[in-house]
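One structure below.
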Protein chains: 2
Amino acid sequence: MPLRNSKEIAAHAGVSQATVSRVINNKPNVREETRRRVLKVIDELGYVPNAEARSLVTRRTNKIGLIVSDIVNPFYPELVESVEGLARESGYVTLLCNTQRDPSKDRIYVRFLIEQRVAGVLFTSITPRSGAPEQLMQAGIPFVFVNRYLKGLNVPSVLTDNEGGAYRMTQYLLELGHSRIAFIRGLPNTTTSQDREAGYRQSLMDHGFKVENVYLERGDYIREAAYEATSRLLQLPVPPTAIFCANDCMAFGALDAAWDAGVRVPEDLSVVGFDNIPLSSLRAISLTTMEQPMAKMARRALEILLDLIEGRALPQDGMIEVYEPELIVRRTSGPAPSSASGKGVRSQ
Amino acid sequence: MPLRNSKEIAAHAGVSQATVSRVINNKPNVREETRRRVLKVIDELGYVPNAEARSLVTRRTNKIGLIVSDIVNPFYPELVESVEGLARESGYVTLLCNTQRDPSKDRIYVRFLIEQRVAGVLFTSITPRSGAPEQLMQAGIPFVFVNRYLKGLNVPSVLTDNEGGAYRMTQYLLELGHSRIAFIRGLPNTTTSQDREAGYRQSLMDHGFKVENVYLERGDYIREAAYEATSRLLQLPVPPTAIFCANDCMAFGALDAAWDAGVRVPEDLSVVGFDNIPLSSLRAISLTTMEQPMAKMARRALEILLDLIEGRALPQDGMIEVYEPELIVRRTSGPAPSSASGKGVRSQ
DNA sequence: TTGAAAGCGCTAACAA
DNA sequence: TTGTTAGCGCTTTCAA
């Protein structure tokens, strides 16, 4: 038995379809007794209004698109939970789009979302030249960036001060006496990785150190790649005494690589990350990292999106909100090894 | 500038709306030249068909609902990725519903999904008496259970042999010489927790041991609760020598508690989990656990759902597929301490 | 091969 | 307070 429609409800209740519409939308000007009668029929027949038909005539939907690059990266679930939770509270349903770290999927997903006539889109993992923002602009659908953003585009964005955070993290390591600090990059095309690298570079330079290319590795924000990168770093003639990973996931990979190489952390090698994902606080990991207030940022980004959708705000130039990350010192970082002059840092 | 509609395309191309419809749906019986002309106009005007209007007339949508209880639990993202990925490949968009471990939200979400007229729903975290299955049945919307299921209801389900897995895990610990094995339950209303507990009990009994109530604790599938539970267990006059947690997340909490209590793992205490989430393989954790092939199970569950949706199958009695979990022995489990006769197991 | 017309389920003017 | 009517954007007969 398929679903009922409002015409059937109207017939059963002996009223017009318009009155049924007024009742289900809590509109005024319905006699109390009529309302009760209609509600009774709705309940008895198990009627559920059709949101698609409603959207067609009201020209508004209660769907929002959420695009993430890698739901399996423990960084994203908190963000997703936050967005989806607030969306539901606000009457919106979330269409999840997981691009599996493939920027070319952005276009495909955005096309999907436009077909669905979503009210707005939240990008957590935007990359340049995807064409996705242009598609949405042409369709007149508002969107907001969170986490990553695009430089030079006036899109409302909620960000962490990645450069400042990385600067401070690097400074923290320098103050511990480390002079050979490696950096493992995230995905090349992302502002998060670029800005963190910039902070790392600036901090080194400001403190009188040179950026050594051998200490720059690529990790693509994934654990396995960071494992490989760390293995390479540890085999250098003069290995680093500290490794700064552009996110926590990669730091986990780095810790594994150090473990397998017999390098003690933090005695021989300091490893630090960025994000402070929930697992980083496990006693057995206890990763030093920069905490991003992702839940808060995600909520704020959705708030802005809802303001845009519901006409409470217009996208203005430079609507960018920046949150400061916080240094969380745990047990994977420590003073540079005293014998830190050459191969001495390696215990194997 | 809002989006175009097919009428505008028709006008610009000098054809009827019906022809535009034929073109965008790749229907036959359109002259090649006409097709090209229409496609050109579509491209120029940036036309994107409206899925909602289409659904209204075809009476089918390409939306599926995915209900998870706790996206932040690292167990779920893999499942979500798998479902969402296959859904997109099959032309469906996924509406994500995260109940935040609150079964009463099931009803609210299902109502949402019915309003959206989703083509089908995948439950990963069903609990009894939510009313959600009944809602969907009345609406004539097919659904499938994966991970958790409901006994006595003939709903297609894709499951792990939780009881068998827990039985084998308990046996493994018994064979290591443990006689005081504690069990930390998951959420009470879930078949996963109940079945794992049943396997634990059966295994103890089959090997001539009694189930001691003091060794049964509640952990609700979350790390923090398992931390507390473990702390209590370790303070018992005769503490357990092994703790079997109903999922990996809780095992992480147990490891933290042991750490804080100065109890060595696995020398003084073995800790094992269930799931084999990606982080369990970290060297610093190295958790012994039962692996569930979640990605595979999720894909299979969605396949079944799509078969149901697209009429390739009917929900038959007992459409239940069971996968065997696999014991992964790592470093959190070891022989029972030889001094395992009283307080000796505690090092602090 | 193409077009005209009807209608999916709903809301919103307007009229009563 | 309630009903009538038109129409949102699309597909689908049926006829040409």
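Order of the sequence lines fixes the chain letters, A, B, ..., with proteins taken first and strands second; residue numbering starts at 1 for each chain. Please read all numbers here as calculations on a predicted model, not as lab measurements.
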### Task
May I ask you to evaluate whether A:Thr19 reaches the phosphate of D:dG3, defined as a side-chain N or O under 4.0 Å from OP1 or OP2?
yes
### Task
Starting from P on D:dT1, measure out to CD on A:Gln17 and report it in whole angstrom.
21 Å
### Task
Rounded off to whole Å, could you give me the NZ-to-P distance for the A:Lys7 and D:dT5 pair?
13 Å
### Query
To the side chain of A:Arg31, which of C:dG3, D:dT1, C:dT11 is closest?
D:dT1
### Task
Check if the side chain of A:Arg4 and the base of C:dG9 share a donor-acceptor pair of N or O atoms closer than 3.5 Å.
no
### CD on A:Glu134 to CG on A:Leu153, rounded to 0.5 Å
6.5 Å
### Message
Side chain of A:Arg54, heavy atoms from C-beta onward: which of D:dC10, C:dT11, C:dG9 has the nearest atom to it?
### Response
C:dT11
### Query
Among C:dA4, D:dG9, C:dT11, which is the nearest nucleotide to the side chain of B:Ala18?
C:dA4
### Task
Nearest whole angstrom, please: distance from the P of C:dA12 to the CZ of A:Arg59.
12 Å
### Query
Atom CZ of A:Arg37 and atom C1' of D:dT1: how far apart are they, to the nearest Å?
12 Å
### Task
Answer yes or no: does a side-chain N or O of B:Ser16 lie under 4.0 Å from OP1 or OP2 of C:dT2?
no
### Query
Quick one: does NZ or CZ of B:Arg88 land under 6.0 Å from the six-membered ring centre of A:Tyr109, within 45 degrees of the ring axis?
yes
### Query
Say you draw a straight line from CD of A:Gln292 to CG of A:Leu159; how long is it, rounded to the nearest 0.5 Å?
9.5 Å
### Task
Would you mind reading off the distance between B:Asn25 atom CG and D:dC10 atom C1', rounded to a whole angstrom?
9 Å
### Message
Distance check needed: C:dT2 P versus B:Asn29 CG, whole Å only.
### Response
9 Å
### Message
Between B:Ser6 and D:dG9, is there a contact of a side-chain N or O with OP1 or OP2 at under 4.0 Å?
### Response
no
### Message
If I take atom CD1 in residue A:Ile42 and atom P in nucleotide C:dG9, what distance separates them, rounded to the nearest angstrom?
### Response
16 Å
### Task
For A:Thr34, report the nucleic acid contact type (base, sugar-phosphate, nothing); a contact means any heavy atom under 4.0 Å.
sugar-phosphate
### Query
Which of these nucleotides, D:dC8, D:dT2, C:dT2, is closest to any side-chain atom of A:Arg22?
D:dT2
### Task
Just call it for B:Val20: base, sugar-phosphate, or nothing, with non-hydrogen atoms closer than 4.0 Å on any strand.
nothing
### Task
Choose from D:dT2, C:dG9, D:dG9 the nucleotide whose nearest atom is closest to any side-chain atom of A:Asn5.
C:dG9
### Message
If you define the side chain from C-beta out and look only at heavy atoms, does anything of A:Ile67 sit under 4.5 Å from A:Lys105?
### Response
no
### Donor + acceptor pair across side chains of B:Ser125, B:Tyr76 (<3.5 Å)
yes
### Query
Tell me: CD1 of A:Ile24 to P of C:dG9, nearest whole Å?
13 Å
### Message
Quick check on DNA chain D: between A:Ala53 and B:Lys27, whose nearest nucleotide comes earlier from the 5' end?
### Response
A:Ala53
### Query
A:Leu56 side chain: which of D:dT2, D:dG9, C:dG3 is closest?
D:dG9
### Task
Answer yes if the side chains of B:Gln116 and A:Asn50 hold a donor-acceptor pair under 3.5 Å, and no otherwise.
no
### Message
From the set C:dT11, C:dG7, C:dT2, return the single nucleotide nearest to any side-chain atom of B:Val57.
### Response
C:dG7
